[in-house]
Number of protein chains: 2
Amino acid sequence: MTEKKRVTLKDIARELGISVSTASRALNSYQGISEETIKLVKDYAEKHHYIPNSIAVNFRKNRTMTIGMIVPEVVHYYFSSIISGALHAAKKQGYRVLISQTDEKLENEIRACHNMLAGNVDGILISISNETEEVDHIQDFLDEGKAVVQFDKYSEKLKSPIVTSDDLESAYRAVTHLIEKGYRKIAHINGLANVRNSKDRLAGYHKALKEHGLDFDPNWIPHCKDITEEEGFAFAKQLMESSNPPDAIFCITDSVALGAMNYLKQAKIKVPDEVGVMGFSNWKISEVMNPSLSTVEQHGFEVGKMAAEILLKATQNPNEESTNQFTEIKSDLIIRESTQK
Amino acid sequence: MTEKKRVTLKDIARELGISVSTASRALNSYQGISEETIKLVKDYAEKHHYIPNSIAVNFRKNRTMTIGMIVPEVVHYYFSSIISGALHAAKKQGYRVLISQTDEKLENEIRACHNMLAGNVDGILISISNETEEVDHIQDFLDEGKAVVQFDKYSEKLKSPIVTSDDLESAYRAVTHLIEKGYRKIAHINGLANVRNSKDRLAGYHKALKEHGLDFDPNWIPHCKDITEEEGFAFAKQLMESSNPPDAIFCITDSVALGAMNYLKQAKIKVPDEVGVMGFSNWKISEVMNPSLSTVEQHGFEVGKMAAEILLKATQNPNEESTNQFTEIKSDLIIRESTQK
DNA sequence: TTGAAAGCGGTACCAG
DNA sequence: CTGGTACCGCTTTCAA
C-alpha cells in the first residue's frame, strides 16, 4: 500500500526555511505577515497538497465542527426529510453531521448519547425514542455546556430549544375540515398515549370537536401501539362494527389510514361518501391511494433546517444559557378525495 | 452557564498521587499494573465521571473510529435503507458515521470528499452522483491508504470494493416474468444512459428478450433524465401513441411506473390485461397502487450493511492493497397484479 | 510495577 | 514581520 504520508506544517516550515508559527500564520492569513511569505507558503502548500490535520486543530481548539443527530428511525419519510434539512443547514455553516439511529430503543439512545459526548461533538439534535422517560443521558450535554436541540418528540424535562411541527394546530384544522365537510361522528385512531405528537394530535381533535359543539363516543379513540397499517385495519373494523360507528376517521398517520381504507374497501363502505378518512404525514402513498387520501404535510425539511440553525447558533455562543425556545413549523392541510363528502 | 470542566487523566493522577502514565495504563487495563492501582483509578474515574477526550485519543492514534458516508439523496427509500444498514453495521463495531448528501451534484460530492478527507475519517462509503465522471476526489482517499467502498452507483476508475444490488440479473428476471406471462412487445423506460444501474437494468432487459428470441422496437427504450412520475406519464403516452405500441412496460423505478399507470388509466388502457407494467425498487406506493404494481425489492439494508462491513474490515487491515471485490446483493421479484395478464 | 518525558500537528502567546 | 515555545490530553517508550 502506498500510504503517502501527509505533508505537515513542520514539513513546510523546514523546506521553506521558516518557522512553524510563520507557516501557520501565513496559511491562516493573519495580519502581520508579509505578502511575500504568504504567497510562498500558500504556493508550497498547494503544490504539495497540504491538508491541515483537522484532528489536531480540533484538539487544540477543543471543538470538532461536528454535530450529532439522534433519530428513532432513518427509513421514514418525515425523519429522513428532517435529516436532509439538518444536513443542508450544517453544510452551509461548515459543520459535519454524525447520525445515529435508536430504533425507538432507550438503550440505543443512551449508547448513542454517550458515544457522541465522548466524541466531543459540538452539540446534538435529538428526537427521543418512545421508550424514553428519564433524560439524564441528554442532560449530560447541557451539564457540559454543550448545546442540545430537540425536535419532533421531545422531553419537557430538558431545558433546551425545541422544534416541531404544529401537531395540535394541524390536527385541529384537519378535524375542522372534516366537520365543515359535514361529517359529524368523527373517530380518531391515535398513537401511544404518552407520546408527545400523539397527545398533541389528540388535543387538536378534541379542540375542533369542542369548538363545534360535537360529541364523541369514548370508544372512538383507540390507541395504536406501533402505528401500522395492520392496526389501522383492525381499529377501523372495530369502530365500524361497534354499536355506534363513526362517519369519519382521523388517523394518526397515513399508514394507519391506509389500513383503515383497506378495511373500508373490504367491507364495501364507501369513502368518502359513507365515511371520510383523514391521514397525517403526506407520505407518497396518500397521493396514490384510491380514493386519494387527505392528509397533513409536516415540512420535515424545514423542521430539520430550523433545528440545526438554532443548534449552531447556540454552539457559537457558548456563554449563553440554554433556553426553552419553542418553534413550531406550520404544517399544511392537503385536501384530496377521501374527505370530499 | 455551568460548563463543568471535564476531568482529565492529569486530574486523576494528581488527586491520586500517581503519574499520568500509570493512570492511563490502569484505565486501559494494561499488563504490569497492580490490581490495587487499577481499582483505585477505575473507582475514581467512575466516581468523577471521567470521559476520555476522544479527540486527544484520536489525535494520538491517528484514527477517528469514524467513517464517512456520501450519498446522492437521503430522502429516498433505497438510500435511506442503505444508510440504515450501514449505521447498523458501524454501531456494532463501535464506529460512528458521518453523513453527507450530494443532491446528485458533482460539486457537492467533491466538497464532501475534501471535508471527509480533512476530517480524517478512517474510510468512506460512497455512491457517486449522476454527474460524476472524473474521480480524483475519491482517488485521494486511496492515495492516502484510506479505505473506500463504493455502493449502488460506482465508477470503474477506482480500485475499490463495490457493493450493489444485482440490477442486471433482477431486470432480467423481471422481464422474463413479463414474457412468461405472455407479453411480447415489451418496452423499457430507462434512465440516463451513462448511469450504471440504468445500464445494468437495460442490459438485463436485452438479455431476457434475446434469450426468448423476442424483437424490440428501438423506439421502445426512452431515457428519463430525472426518473420522475411525470416522465413516466409522458413516455408511456409517447409509447402508446406511437405506430407500434408495446403490450408491456418495464419501468426503471416505481415512481416512473406510477406515472405510466396514471397515463394508462387516463387513456382507459387496461392494466394488466392490455398492457403489463413492471416497476423497480418496491417503494411503498407499489403496494398501494391500483392495480398493485409488480416490482423488484433491492434489499438496501443488506447493501449498506455489507458495504460497511467490507469497509471496516479494510480499515482494520491497513496494510492490504485495496481490491476490486465485487458484491451483489440479490434482489427479489415481487409479483403483484400489474403483470398478471 | 511505576514514573518521566517525548510527541502527535497544530495554535497562540511572548519576545525581539 | 518573524521565531521560539508552551500546550491541548493522551499514549507509549525508556529507564528506574
Side-chain angles (χ1 to χ4, degrees), chain A residues 3-42 44-45 48-66 117-122 144-145 318, chain B residues 3-42 44-45 48-66 117-122 144-145 318:
Chain A
E3 183 124 15
K4 266 193 261 172
K5 248 331 234 168
R6 265 191 204 181
V7 177
T8 69
L9 260 195
K10 208 184 281 179
D11 296 331
I12 296 180
R14 180 172 21 77
E15 291 304 314
L16 259 35
I18 58 178
S19 74
V20 172
S21 39
T22 302
S24 171
R25 277 176 294 215
L27 285 169
N28 294 295
S29 300
Y30 273 9
Q31 58 216 40
I33 287 277
S34 71
E35 285 301 326
E36 201 182 2
T37 311
I38 290 180
K39 186 165 165 26
L40 189 71
V41 175
K42 287 201 167 168
Y44 186 94
H48 294 79
H49 300 110
Y50 169 70
I51 302 175
N53 180 336
S54 69
I55 312 186
V57 178
N58 290 338
F59 177 43
R60 186 62 232 252
K61 297 198 171 167
N62 196 33
R63 55 120 178 83
T64 54
M65 297 298 284
T66 303
L117 195 59
N120 286 59
V121 296
D122 293 347
E144 275 202 17
Chain B
E3 184 123 15
K4 265 193 261 171
K5 241 347 228 156
R6 263 192 207 182
V7 177
T8 69
L9 262 195
K10 207 186 281 179
D11 296 331
I12 296 181
R14 182 173 17 79
E15 291 304 314
L16 258 34
I18 59 177
S19 74
V20 173
S21 38
T22 302
S24 170
R25 279 177 291 219
L27 284 169
N28 293 296
S29 301
Y30 273 10
Q31 58 217 39
I33 288 278
S34 71
E35 284 302 325
E36 201 182 3
T37 311
I38 291 181
K39 187 167 164 24
L40 188 71
V41 175
K42 287 201 168 169
Y44 185 95
H48 293 80
H49 300 110
Y50 169 71
I51 303 175
N53 179 334
S54 69
I55 313 186
V57 178
N58 290 339
F59 178 43
R60 185 62 231 253
K61 296 199 171 166
N62 195 34
R63 56 116 178 86
T64 55
M65 297 297 284
T66 303
L117 196 57
N120 286 59
V121 296
D122 293 346
E144 276 202 17

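Residue numbers begin at 1 in each chain, while the letters A, B, ... track the order of the sequences. Because the structure is predicted, anything quoted here is derived from the model rather than measured.
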Out of D:dG3, D:dC10, D:dC8, whichever nucleotide has its closest atom nearest the side chain of B:P52: D:dC10

Among C:dG3, D:dG4, C:dT1, the nucleotide that comes nearest once only the side chain of B:T22 is considered: C:dG3

Contact check, side chains of A:L117 and B:R6, non-hydrogen atoms, under 4.5 Å: yes

Validation row: A:L9, A:Y50 side chains within 4.5 angstrom (heavy atoms): yes

Of B:R25 and A:V7, the one whose closest DNA chain C nucleotide lies more 5': B:R25

Phosphate-side-chain proximity, [X] and [N], N/O vs OP1/OP2 below 4.0 Å:
| X | N | answer |
| --- | --- | --- |
| A:S21 | D:dT5 | no |
| A:K10 | C:dC8 | yes |
| A:N28 | C:dT11 | yes |
| B:Y50 | D:dG9 | no |
| B:K61 | D:dT12 | no |

Sugar-phosphate only, base, or nothing, as touched by B:S34 at under 4.0 Å among non-hydrogen atoms: sugar-phosphate

Sugar-phosphate, base or nothing in reach of B:S24, heavy atoms under 4.0 Å: base

What integer distance in Å separates [X]:[atom1] from [N]:[atom2]?
| X | N | atom1 | atom2 | result |
| --- | --- | --- | --- | --- |
| A:I33 | C:dT11 | CD1 | P | 13 Å |
| A:R60 | C:dG10 | CZ | C1' | 8 Å |
| A:N58 | D:dC10 | CG | P | 16 Å |
| A:L27 | D:dT2 | CG | C1' | 15 Å |
| A:R14 | D:dG4 | CZ | C1' | 18 Å |
| B:I55 | C:dG9 | CD1 | P | 16 Å |
| A:L9 | C:dG7 | CG | P | 17 Å |
| B:L16 | C:dG3 | CG | P | 10 Å |

Side-chain donor-acceptor contact under 3.5 Å, A:S34 with A:T37: yes

Donor + acceptor pair across side chains of B:T64, B:D122 (<3.5 Å): yes

Rounded distance (nearest 0.5 Å) linking atom CG of B:N120 with atom OG1 of B:T66: 9.5 Å

Face-to-face stacking of B:F59 with D:dC10, centres under 5.5 angstrom, angle under 30°: no

